Amino acid sequence: MELKKNYNPAEVEDKWYAYWLKNRCFHSEPDSREPYTIVIPPPNVTGILHMGHVLNNTLNDVLIRKARMDGKNACWVPGTDHASIATENKVVARLAERGIRKEDLTREEFLKYAWEWKEEHGGIILQQLRKLGASCDWDRTKFTMEPALSDAVTATFVYFYKKGLIYHGYRMVNWDPVAHTAISDDEVIHKDTQSHFYHLRYFISDGKGNPTDDFLVIATTRPETIMADSAICVNPADERYHHLRGKKVLIPLINREIPVIEDDYVEMDFGTGCLKVTPAHDAHDYEIGQRHNLPIIEILDDDGRLTADARILVGEDRFVARKKICKMLEESGNLVKVEEYTSPVGYSERTDAVIEPKLSKQWFLKLEGLAAEALDKVESGRIKFIPDKYRNVYHHWMENAHDWCISRQLWWGQRIPAWYLPDGSFVVEETAEKALAAARKINPALTAADLRQDEDVLDTWFSSWLWPISVFDAKRPGHPEHKPNRDLGYYYPTSDLVTAPDIIFFWVARMIMAGGEFMNDIPFSNVYFTGIVRDKLGRKMSKTLGNSPDPLVLIEKYGADSVRLGMLLCSSAGNDILYDESQVEQGRNFCGKIWNSWRLVSGWRVDENGRQPESARVAVKWFDNLLSRTITAVEDHYKKFRINDALMATYKLFWDDYCSWYLELVKPTFGEAIDGYTYDATVGFFDKLLKLIHPVMPFITEEIWHAMADRRPGETIMFERTPVAGPYDEDFLAGFEQARQIITGVRGIRAQKQIAPKDPLKLCLEGEVSQEFYPIIAKSAGISAFVDAVDGAAVSFIVGTVKCSVPLEGLVDTAQERAKVEAELEHQRKFLAGVRAKLANEKFVAHAPEAVVAVERKKEADALARIEALEASLKTL
RNA sequence: GGGAGUUUAGCUCAGCUGGUUCAGAGCACCUGCCUUACAAGCAGGGGGUCAUUGGUUCGAGUCCAAUAAUUCCCACCA
């Protein structure tokens, strides 16, 4: 089939994707083959494709296509994540555009809007993945909030609650007094803010609530919270305050008595060494309060105004109160001094209001046991991290894992399955019916109307951590006694996970925990961490900077194959990727190269009975060997997840070796036909090369593979087998390499217009190149004279068909040659001494693995042989 | 402040147990070519004290220590 002059990816890509879908090429069912499974890191349901997705999904697709061609039953499960915070924010923003406020809606009304939005925009990203060529099994598409998966989440909550691992407790949240909502840590921006450091005098109590003359001084930036103080804390090692042990002090202005306590948290040389403890309004103070059983006194309301519990300045805004209380403290003589002070203060990303730490009731999952087990899975090597350095990060975090706060003050998500009884107690059950039944055991008079379900929803990660299980069998999580269905039994554990390192704790660690708890097995064997995609200047891709290209525009412009190649070219595992459009251009250029090389080969006239030229025979032999060697290397690279090394090896094999050398060597002279044997070999090589390239560039390889021969309907290169490496001859390949250098050398001499007739001969002599390669040197360099034999002082060579002989002298510069040999000899002797020293080391021989010692012995023998040869050649010079 | 990395050619990175894969790759650059597959190409070429300083060793990009620069994670200090 004749190819068009130019490759047009747009025409080809849609055609083949539709073809693959039509023939259900991506679909997988359990069978007798070995499974290779990947679950997609589910993108946000309302997300749109960005460069990070392109990188991640290209890598996933390369792995899955490679596995498919290796004959495995490859299954890539796609899906989306409900992403509660992000999606809810988007829905809220969209409603705001229409003039609707979330506060004015009921939960049901809001969720109706949210689902509408999801139906409209959810799945856009999955459509975009198709453009990229992702070979996902679309029949298996899942959504983390679809009924079955939501039930799994609820069941999991109930399971852990009944196991005693989930508890209801307090936690400091970041309260935004303007937006009237708690916001996540990520939404808090710390800014260095100019403020004051107030030194306040607290008098020691005489024990009856009256001040003595003695006092201590504390330093604070928030004097308006002194009314919420529960204690004064000093470091136990601080001798300055030992005399205050067991004493009480009086809060200025309100004269409430509070104890002096000791805790290591306090740093002696910061401030005065005395810390006022305000458990209700500072996260650290809360922890100290917990340790020392201090009362929690809240004096700020949801607007950030002082409450009646403050006893003074009631109703004042916290910042107004700060100014006023300073004046009052000054008047009462409690204000010692005020210093200028700059400290980081948290601001809300949304409203820019200063964040108020606020206590609120939340649900927690105890991680201690789960984390220890999950840590062991990685430490023991059952799960491998690529690159390995992330094991350290993982280790450090898992050792210090805090309990996981799993409740979120949102509506979009799985609602917490806890029902409160009128008396304030609660029951945890999978459904309202079961909850009522459980509640009636406590109080038989209760009706459904008496129960009130918890308003909060669960953290998105509380559903994501079940993903590798629930996509196959949603009944299993929460019910470890449930017998796995056929899919789960066959596909779990999955093979590899490709994801970004920033969610190693949020997601990767937790999937390992869930896997251990519900499957008693690892969720995947290997985790490949990609880097973060940055722009050319090393900046993170972001919407606000506008430095993130739209992948779809890139695909439109260059084709998906080019975008995929461009992305992979610069991505070694774990390193950040500095994206530049020139890499995609390189991908496009490679497409052009593949295309044109097939145009060349397919255009040849074949003479089945033609005689194969010697140069072609050698070229075929060479490329056959080289192909085997490269396939071996590529397989090794894939095994080690060195995807871009595998890619680069293939890229160079095709461009540098196949196109620039092989095709030039076998190319028939203009107007002549190619012999059948060489032609078949050439097409055979092309076929294998296409299969090697296919996992990276699926579309162009499919197109050309179909152009190469008449294929049966539904046939695809996707299901062809990865070419297998045969044995190869290193010496032969090395010989060819020498010949190649000679040719390059000759070309170099010509390029510099220093045409010296004897140079090629000299190069042949020096390179000790085998006669086998003379034909290719002749073809490539256009030299028709070759060394035939070296005999003492003369060299005989062949020019055309005539043999002649010239004296060696003049061809070789003896003195220079001698110096070279001597230098080499010295190097070899030194090397030999080193190797022998190593071998003489008893410890080395005793402890090193046998293979390593063998390598050293071989080095010794080789060096000896070389020295001998060099000494011999020195004599002849 | 605590922890973990990184530093090799103009750029992005390889370099596995210290030596015979020992200074590499791709891109960029320079020179010459519109040669009948491809100028998105072909042919040739230049370029690095392997961050600095010490140490271990017969031998150090490779191992150790310190310094400097830089990135990420955690905490952000009353």
Side-chain angles (χ1 to χ4, degrees), chain A residues 3 5-7 190 192 197-198 218-222 225 233 265-267 270-278 282-285 288 341 343-346 387 389-393 395-397 400 501-502 504-505 531-532 534 536 538 558 562 569-572 574-580 582-583 585-604 640 642 644-645 647-649 651-652 655 659-660 663-664 667 669-671 744-745 747-753 827-828 830-838 848-849 851-852 855-856 858-859 862-863 866:
Chain A
L3 294 189
K5 182 147 192 335
N6 293 311
Y7 174 62
H190 289 277
D192 275 342
F197 214 20
Y198 303 91
I218 60 102
T220 179
T221 53
R222 301 200 62 189
T225 63
C233 189
Y265 170 74
V266 180
E267 295 197 16
F270 189 85
T272 60
C274 290
L275 167 71
K276 73 184 202 62
V277 185
T278 320
D282 183 280
H284 283 117
D285 291 10
I288 297 172
Y341 186 65
S343 65
V345 174
K389 67 178 175 183
Y390 286 107
R391 242 185 28 201
N392 285 335
V393 182
H395 185 101
H396 191 252
W397 192 81
N400 305 297
D502 50 350
I504 183 168
F505 310 125
I532 296 163
R534 297 171 179 279
K536 218 172 158 178
Y558 296 102
S562 307
L569 276 174
C570 53
S571 61
S572 47
N575 283 325
D576 282 359
I577 284 117
L578 273 70
Y579 166 82
D580 186 44
S582 72
Q583 289 147 2
E585 281 175 26
Q586 199 183 335
R588 176 201 52 192
N589 297 352
F590 191 46
C591 282
K593 194 71 189 174
I594 299 172
W595 188 257
N596 282 308
S597 56
W598 178 249
R599 280 183 59 218
L600 171 69
V601 173
S602 63
W604 284 338
K640 293 174 181 159
R642 306 176 67 126
N644 71 334
D645 285 345
L647 169 62
M648 198 45 77
Y651 178 90
K652 282 194 280 191
W655 197 313
C659 294
S660 296
L663 289 181
E664 294 300 331
K667 195 187 211 170
T669 32
F670 187 66
T744 304
R747 284 178 186 162
I749 290 164
R750 291 223 181 107
Q752 286 157 38
K753 310 228 186 318
H827 173 76
Q828 291 295 339
K830 220 176 146 193
F831 176 71
L832 181 66
V835 173
R836 284 190 163 156
K838 198 167 181 181
V852 175
V855 167
E856 292 301 316
K858 181 158 191 311
K859 282 180 186 170
D862 290 352
R866 261 181 241 111

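These numbers were taken from a predicted model, which means no experiment stands behind them. We use all heavy atoms of the structure for the numbers below, so side chains are in, but hydrogens, waters and symmetry mates are not. Order of the sequence lines sets the chain letters (A, B, ...), proteins ahead of strands, with each chain counted from 1.
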Classify [X] by what it touches in the nucleic acid, base, sugar-phosphate, or nothing, heavy-atom distance under 4.0 Å.
X: A:Arg642; result: sugar-phosphate
X: A:Ser597; result: base
X: A:Cys591; result: nothing
X: A:Trp655; result: sugar-phosphate
X: A:Thr278; result: nothing

(request) Side chain of A:Val393 only, please: which of B:A4, B:G41, B:A14 is the nearest? (result)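 Nearest to the side-chain atoms of A:Val393, counting from C-beta on, is B:A4.
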(request) Among B:G45, B:G26, B:G5, find the nucleotide with the atom closest to the side chain of A:Gln586. (result)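 My answer, after comparing the listed nucleotides, is B:G26.
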(message) Over 60° means perpendicular and under 30° means parallel, so tell me whether A:Trp397 and A:Phe505 are parallel, tilted or perpendicular.
(response)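 Because their plane-to-plane angle is under 30°, the rings of A:Trp397 and A:Phe505 count as parallel.
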(request) If the plane angle is over 60° it's perpendicular, under 30° parallel, otherwise tilted; pick one for A:Trp655 and A:Phe590. (result)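 A:Trp655 and A:Phe590: parallel rings.
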(request) Figure out the CD/C1' separation between A:Gln583 and B:A25, and round it to whole Å. (result)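 Whole-Å distance recorded here is 14 Å.
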(request) Grab the NE2-C1' distance between A:His395 and B:G2 for me, whole Å please. (result)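 It works out to 15 Å between those atoms.
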(message) For RNA chain B, please output the secondary structure as dot-bracket, reading 5' to 3'. Pairs are Watson-Crick or G-U wobble, both atom distances under 3.5 Å; mark crossing pairs with [ ], other-strand partners with |, unpaired with a dot.
(response) (((((((..((((.....[....)))).(((((.......))))).....(((((..]....))))))))))))....
(request) For B:C76 and B:G3, measure between their C1' atoms and round to the nearest Å. (result)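 Each nucleotide's C1' atom is 15 Å from the other's.
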(request) Write down the distance separating the C1' atoms in B:C22 and B:A40, rounded off to the nearest Å. (result)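 About 35 Å, rounded to a whole number of Å.
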(request) Return no unless some side-chain N or O of A:His284 is found under 4.0 Å from OP1 or OP2 of B:C76. (result)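 Yes.
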